[in-house]
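Values reported hereafter were calculated over all heavy atoms of this structure, with side chains retained and with hydrogens, waters and symmetry mates removed.
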Amino acid sequence: MKVFIATSIVIIICFIFIFVGFELNNENNSLTYDYEQEDLSNQIVINFSHVVAENTPKGLAAQKFAKLTERKTNGKVKVAVFPNGVLYAEGEEVDALIRGEVQMIAPAYSNMSELIPEWLILDLPYIFKDYEHVEAVLNGEVGKALLEKLQKHNIKGVAFWSNGFKQMTSNRNPLRKPSDFLGQRFRIMPSKALEDQFRMLGVRTNAMPFNQVYPNLENRFLDGQENTISNIYSKGFYKVQKYMTISNHGYLGYAVMMNQEFWDSLPEDLQQKIQEAMDETTDWLFSESIAINQQQLELIKSSSDIQIYELTDEERQQWIDFFQPLYEEYGERYGEKWIQEIQKLEPNGIKDKRD
Ligand code: LMR
């Protein structure tokens, strides 16, 4: 009997050892190695702050740029995108970039005119004839010269991104001719040229940050605003406005910028890969932004009661003539050269034969 009990104990102990050994072995096998953590301490992170929604031209471009950069640098560079102004509001972004608190931003170029007044020219009403003209100007010598001017402010200008042409909306009345604006209050992006455009129309302006526009349209502090279809759609402005005029009077483009010191600290091969990712994104965005604005105009039409009016060619010419004095004023103040350079560019980037 004793022998039986002793044998049983030995067998049970053996089973326990075998079982525990098996489990330990299993546990070791299931400890998967996290390759993503490898070299994480050497990874370079670009924090990229912007103020619009993710389903907008800029929001989508930011995500595409992040993916391309990570792929092209084999994960050595990560782009962390912060949309919707969660890090900085519109008016705070440029200072945050200069101080190096973020590495990358892409504000509307209107935001740059306080730092470099020549940028105001891009906000003159009807300075751009059409999309091809926009591309020729921003990707040509004028765009290059404007980006270079950023360097003395510790900013590396990397590209111009596109959104689209701006349209006018109001709660008061349809906007067909310049006198229809008289006495209204509009929100503008911070730019002296936009302020002057509306001053000529007899409109009071508030240069408030983008994320404050909707509540102020809703509570009727503002009568109207100007923006692209994609911004009007993604922020729901069309839900709190009665009238929209397809005026295509101004262009919303973005200055894509990095902190210069940060850029200079990157190894040359990574700078090249990042610039490649940027160029690919910029090309893609140019046609994509046109498509997004067109699709979202259809969505606004099919899902709201806002009354949409498209300017006729004659009405458009009336607006162009109305704003002509602004060109003379800005030519004198900021140099004829810039305006002439832009006006001389044919859509394909060749000098206009009329001069
Ligand atoms: C605005 O303030 O309306 C725009 O700058 C927003 C944006 O970045 O598109």
Side-chain angles (χ1 to χ4, degrees), residues 51-53 56 84-85 89-91 107-111 113-114 120 123-127 163-252 293 296-297 299-312 315-323 325-326:
V51 299
V52 292
T56 55
N84 283 313
E90 199 173 15
Y109 51 53
S110 308
N111 288 275
S113 55
E114 233 175 75
L120 282 171
D123 270 336
L124 286 174
Y126 293 109
I127 187 86
N163 183 323
F165 280 95
K166 288 184 283 183
Q167 321 301 346
M168 298 285 195
T169 69
S170 168
N171 239 330
R172 285 250 204 122
N173 49 268
L175 304 164
R176 296 183 185 180
K177 44 188 193 314
S179 57
D180 292 333
F181 285 83
L182 199 64
Q184 303 203 33
R185 182 186 286 277
F186 268 50
R187 179 268 175 169
I188 54 167
M189 294 174 218
S191 152
K192 176 92 176 62
L194 299 179
E195 205 180 301
D196 287 340
Q197 163 189 288
F198 282 108
R199 180 185 40 78
M200 287 185 74
L201 292 165
V203 168
R204 283 167 300 166
T205 53
N206 281 76
M208 62 177 66
F210 186 51
N211 58 4
Q212 288 174 22
V213 182
Y214 183 92
N216 281 294
L217 288 173
E218 192 181 30
N219 68 22
R220 302 287 182 108
F221 172 70
L222 296 168
D223 296 304
Q225 60 85 49
E226 55 161 26
N227 223 313
T228 59
I229 294 291
S230 75
N231 279 346
I232 292 170
Y233 176 76
S234 61
K235 287 289 177 208
F237 299 163
Y238 68 99
K239 295 180 186 160
V240 285
Q241 293 281 268
K242 287 203 186 102
Y243 307 97
M244 175 157 74
T245 297
I246 305 296
S247 50
N248 294 322
H249 62 282
Y251 190 79
L252 171 58
N293 279 296
Q296 294 183 341
L297 176 59
L299 288 172
I300 292 176
K301 282 181 185 166
S302 62
S303 65
S304 78
D305 295 332
I306 191 167
Q307 289 181 36
I308 302 176
Y309 182 73
E310 191 157 349
L311 290 185
T312 63
E315 283 165 338
R316 183 180 149 94
Q317 192 55 49
Q318 257 184 31
W319 287 40
I320 293 173
D321 295 343
F322 179 84
F323 288 120
L326 211 48

[atom1]/[X]: more than 12 non-hydrogen atoms of other groups inside 6.0 Å:
X	atom1	result
K192	NZ	yes
E114	CD	no
D305	CG	no

List the atom of [X], the atom of [Y], and the distance in Å for their closest heavy-atom pair.
X	Y	result
E226	F186	N-CD2, 4.4 Å
R176	L311	O-CD2, 3.6 Å
E90	V51	N-CG1, 3.7 Å
A53	T56	O-OG1, 2.6 Å
L217	Q225	CD1-CG, 4.0 Å
V240	N171	O-ND2, 3.0 Å

Any donor-acceptor pair under 3.5 Å from [X] side chain to [Y] backbone:
X	Y	result
N293	N163	yes
S191	A193	yes
N111	A108	yes

From [X] [atom1] over to [Y] [atom2], what is the distance, rounded to the nearest 0.5 angstrom?
X	Y	atom1	atom2	answer
Y238	I300	OH	CD1	6.5 Å
S303	Y233	OG	OH	6.0 Å
S170	D180	OG	CG	9.5 Å
F181	R204	CZ	CZ	15.0 Å
M168	T245	CE	OG1	8.5 Å
R199	L201	CZ	CG	10.0 Å

Does one side chain, of E315 or Y309, offer a donor that lies under 3.5 Å from an acceptor on the other? yes
Passes side chain to side chain contact (heavy atoms under 4.5 Å, CB included), Q197 versus I188? Steps please. CA-CA 10 Å; Q197 163 189 288; I188 54 167; over 6 Å; no
So, do [X] and [Y] sit near enough that their side-chain heavy atoms are less than 4.5 Å apart?
X	Y	answer
T228	Q296	no
Y109	D123	yes
Q167	N231	no
V52	S234	no
L297	I246	yes
R187	N227	yes
K166	M189	yes
L175	Q184	yes

Would you call the rings of F237 and F210 parallel, tilted or perpendicular, taking 30° and 60° as the class edges? perpendicular
Can you say whether the rings of Y126 and H249 are parallel (under 30°), tilted (30 to 60°) or perpendicular (over 60°)? perpendicular
Step by step, would you call M200 with L326 a side chain to side chain contact (heavy atoms under 4.5 Å, CB included)? CA-CA 9 Å; M200 287 185 74; L326 211 48; 4.0 Å; yes
Identified side-chain hydrogen bond (donor to acceptor under 3.5 Å, both in side chains) partner of R185 from the options N216, N206, D223: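 Exactly one option meets the side-chain hydrogen bond (donor to acceptor under 3.5 Å, both in side chains) with R185, and it is N206.
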